Amino acid sequence: MALKPEPTAPFHSVQYALRVLETVSRHGSGVTDVQIARETGLPTAHLTSLLLMLRREGYVEQVADGAYVVGDSLVLIGSGSTRREALQAKLQQTLDHLRDTVGAAIYISRYIDGEIKVTQIAEGPQTPRVNEWVDFRSAAHASAIGKCLLTQLDQNGRRDHLSRHKTARLTSKTITNERVLFSTLDSQPPTVPVLDLQEYAVGTVCAAVPLTAGSSVGCLALSLPVEHAHRLRSAADTLNRRAAPVVLSLAL
């Protein structure tokens with residue numbers, strides 16, 4: 001199956017979103033989009049899309065006179081001792097919504113202490129998670145999650161990982177040659193989803209996009225049964241476009 005993804009639009013800038021939230025927070029009684037644009041220096045078109053995303057996620061609300069105020073999600077996240085729980089709940093809510101939007105199981109994975117860790121999953125009866133028949137930690141060369149994380153490491157980091165986890169053949173499509181794998185990773189455009197076309201498991205296709213929050217290495221991924229492979233490109237593009245709320249949750 002030849003499926004070549006096309007470049008998608010870059011993520012909304014999380015730094016800009018944080019700048020907008022700071023501006024709204026400073027104005028307790030509300031602030032207009034004109035004033036936000038003046039204080040943040042953001043172009044109107046960019047600001048409009050950011051405000052739509054922030055409203056959808058509940059970080060800001062628009063009141064009767066058109067001004068913007070802090071939303072319920074931001075209030076809950078800023079509530080002291082329950083901050084961690086609130087962030088986790090908000091992130092899960094965002095992932096659940098993304099699962100329903102793309103019609104696929106959704107994953108967040110991080111590269112922590114030299115290992116791949118899936119930290120959060122949104123699944124359901126119609127969107128089951130992939131059968132982890134081989135530990136994801138040992139399948140970075142084959143899975144979309146693993147390849148996406150490896151693209152964010154330098155050559156030494158990649159070699160270190162593969163020295164501990166050999167490139168075993170998991171299916172007939174798995175890349176096991178380290179030189180070919182590194183060449184594939186190096187040619188991966190940062191704004192294009194990384195795909196797994198039955199390289200990890202027969203019967204499953206996946207896609208992953210990087211999540212950049214500070215210096216951490218992470219990714220947002222989805223999986224689909226192979227009978228839904230015709231939806232992979234559009235689902236991956238939606239995943240890419242909708243990654244901003246996830247990155248924002250991780251950055252707050």
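Hydrogens, waters and symmetry mates play no part in the numbers below; they use all other heavy atoms, side chains included. Only a predicted model underlies this, so the values are computations on that prediction, with no experimental measurement involved.
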Under 3.5 Å donor-acceptor, R19 side chain and T40 backbone: yes
Validation row: I121, I106 side chains within 4.5 angstrom (heavy atoms): no
Step-by-step side-chain contact (heavy atoms from CB on, under 4.5 Å) determination, L239 to L220: CA-CA 8 Å; L239 188 78; L220 180 67; 3.7 Å; yes
Check: K117 and R137 side chains under 4.5 Å, non-hydrogen atoms: no
Under 3.5 Å: donor-acceptor pair, side chain of N240, backbone of T191: yes
Heavy-atom pair with the smallest gap, counting every atom of P210 and Q152: CB-NE2, 3.6 Å
Nearest-0.5 Å distance that lies between atom NE2 in H97 and atom OG1 in T101: 3.5 Å
Closest contact, heavy atoms only, A144 versus A208: O-CB, 3.5 Å
Side-chain donor or acceptor of R56 paired with backbone N/O of L51 under 3.5 Å: no
Test: K90 cationic atom under 6.0 Å from Y59 six-membered ring centre, within 45° of axis: yes
Check: Q198 side chain, G203 main-chain N or O, donor-acceptor pair, under 3.5 Å: yes
For the student: nearest non-hydrogen atoms of G103 and L224, plus distance: O-CD2, 3.5 Å
Y200 (side chain) donor-acceptor with W133 (main chain) under 3.5 angstrom: yes
Straight-line distance of R129 CZ to T204 OG1, nearest 0.5 Å: 13.0 Å
Under 3.5 Å donor-acceptor, Q62 side chain and G66 backbone: yes
Check: R158 side chain, L150 main-chain N or O, donor-acceptor pair, under 3.5 Å: yes
No-hydrogen, no-angle side-chain donor-acceptor test under 3.5 Å, H27 and Y68: no
V246 side chain reached by I108 side chain, heavy atoms, under 4.5 Å: yes
Derivation and outcome, side-chain contact (heavy atoms from CB on, under 4.5 Å), residues V205 and L195: CA-CA 8 Å; V205 294; L195 301 183; over 6 Å; no
T171-E199 side chain donor-acceptor pair, cut-off 3.5 Å: no
Side chains of I145 and V194 in contact at under 4.5 Å (non-hydrogen atoms): no
D65: salt bridge (Lys or Arg N to Asp or Glu O under 4.0 Å) partners, not counting sequence neighbours: none
Pair Y107-S223, side-chain donor/acceptor within less than 3.5 Å: yes
Residue from V226, L222, D196 passing side chain to side chain contact (heavy atoms under 4.5 Å, CB included) with L232: L222
Derivation and outcome, side-chain hydrogen bond (donor to acceptor under 3.5 Å, both in side chains), residues S234 and R231: CA-CA 6 Å; S234 62; R231 296 200 293 112; 6.0 Å; no
Interatomic spacing from CG in L185 to CG in L153 - rounded to 0.5 Å: 9.5 Å
L211 with L18, same ILVMFWY side-chain cluster at under 4.5 Å: yes
Residues which pass salt bridge (Lys or Arg N to Asp or Glu O under 4.0 Å) with E61, listed by chain and number, not counting sequence neighbours: none
Neighbour count above 12 (heavy atom, 6.0 Å) for Q155 CD: yes
Connected hydrophobic set around V69, excluding itself, where side chains approach under 4.5 Å: V63
Contact check, side chains of T167 and L162, non-hydrogen atoms, under 4.5 Å: yes
Whether Y16 and H46 hold their rings parallel, tilted or perpendicular, with breakpoints at 30° and 60°: perpendicular
L54 side chain reached by V20 side chain, heavy atoms, under 4.5 Å: yes
R179 atom CZ: more than 12 heavy-atom contacts under 6.0 Å: no
salt_bridge(R241, D237) N-O dist < 4.0 Å: no
Separation between CG of N177 and CZ of R169, rounded to the nearest 0.5 Å: 10.0 Å
Rounded distance [0.5 Å steps], CZ in R110 versus CD1 in I112: 6.0 Å
S109 and I116, any side-chain heavy atoms less than 4.5 Å apart: yes
Test item: side-chain donor near acceptor, Q88 and Q92, under 3.5 Å: no
Cluster check L181, V134: I/L/V/M/F/W/Y, side chain < 4.5 angstrom: yes
Residue pair H141 / I175, side-chain heavy-atom distance below 4.5 Å: no
Exam field: side chain Q188 to backbone T184, donor-acceptor pair closer than 3.5 Å: no
V180 reachable from F182 in the ILVMFWY side-chain graph, under 4.5 Å edges: yes
Spatial distance of atom CD (E57) from atom CZ (R242) [nearest 0.5 Å]: 8.5 Å
Test item: R99 side-chain N/O and E123 main-chain N/O as donor-acceptor pair under 3.5 Å: yes
